[in-house]
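Predicted model only: the values in this text are computed from it and were never measured. Heavy-atom basis, side chains included; hydrogens, waters and symmetry copies ignored.
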Amino acid sequence: MEDENKMTAMKFLQILVFYAYLGKQQSLPSLIVQMLQLTLLHGICKESCYGMASFSFLLCQFDDFKAADHIGRLSVLLLDKCKAEEYRSHIYLLYYGCVRA
């Protein structure tokens, strides 16, 4: 992702996803899908890893465990590619603590 506005939007959405999980969970799916749409349309950035891990967690809520595991593994692999160390603990919690548990 090269557009600074899109990257800023992704950072903002990442923060919103975190707090929506804690406070207003009914808005969580739309925020996560928005992150994935930005990733698919404009490319990968550090926050894309977080969006994919969150989507993996969301798929578990709909009992699609195979897809959740696949996307969760992808988010972990993207951590190294994007050098997104600041999100490593969040992604590990979502994938290894929620999806793989």
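- Within 6.0 Å of CZ on R100 lie no more than 12 heavy atoms contributed by other residues, nucleotides or ligands.
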Which atom pairs, donor and acceptor, lie under 3.5 Å between side-chain atoms of residues 15-27 and protein residues at least two apart or in another chain?
unit_1 : atom_1 : unit_2 : atom_2 : d
Q25    : NE2    : Y21    : O      : 2.8
S27    : OG     : K24    : O      : 2.8

Can you give me every donor-acceptor pair (side chain of residues 75-99, partner residue at least two apart or in another chain, under 3.5 Å) with its distance?
unit_1 : atom_1 : unit_2 : atom_2 : d
S75    : OG     : G72    : O      : 2.6
D80    : OD1    : R88    : NH2    : 3.0
E85    : OE1    : R88    : NE     : 2.9
E85    : OE2    : R88    : NH2    : 2.7
Y87    : OH     : E47    : OE2    : 2.7
R88    : NH1    : Y92    : OH     : 2.8
Y95    : OH     : D69    : OD1    : 2.7

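- Here the straight-line distance linking atom CE of M52 with atom CG of L59 works out to 12.0 Å at 0.5 Å rounding.
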Run the side-chain donor-acceptor check on residues 33-46: report pairs under 3.5 Å with partners two or more places apart or on a different chain.
unit_1 : atom_1 : unit_2 : atom_2 : d
T39    : OG1    : M35    : O      : 3.0
T39    : OG1    : S48    : OG     : 3.0

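- Put simply, F65 and F62 are part of two different groups of oily side chains (I, L, V, M, F, W, Y) that touch within less than 4.5 Å, one to the next.
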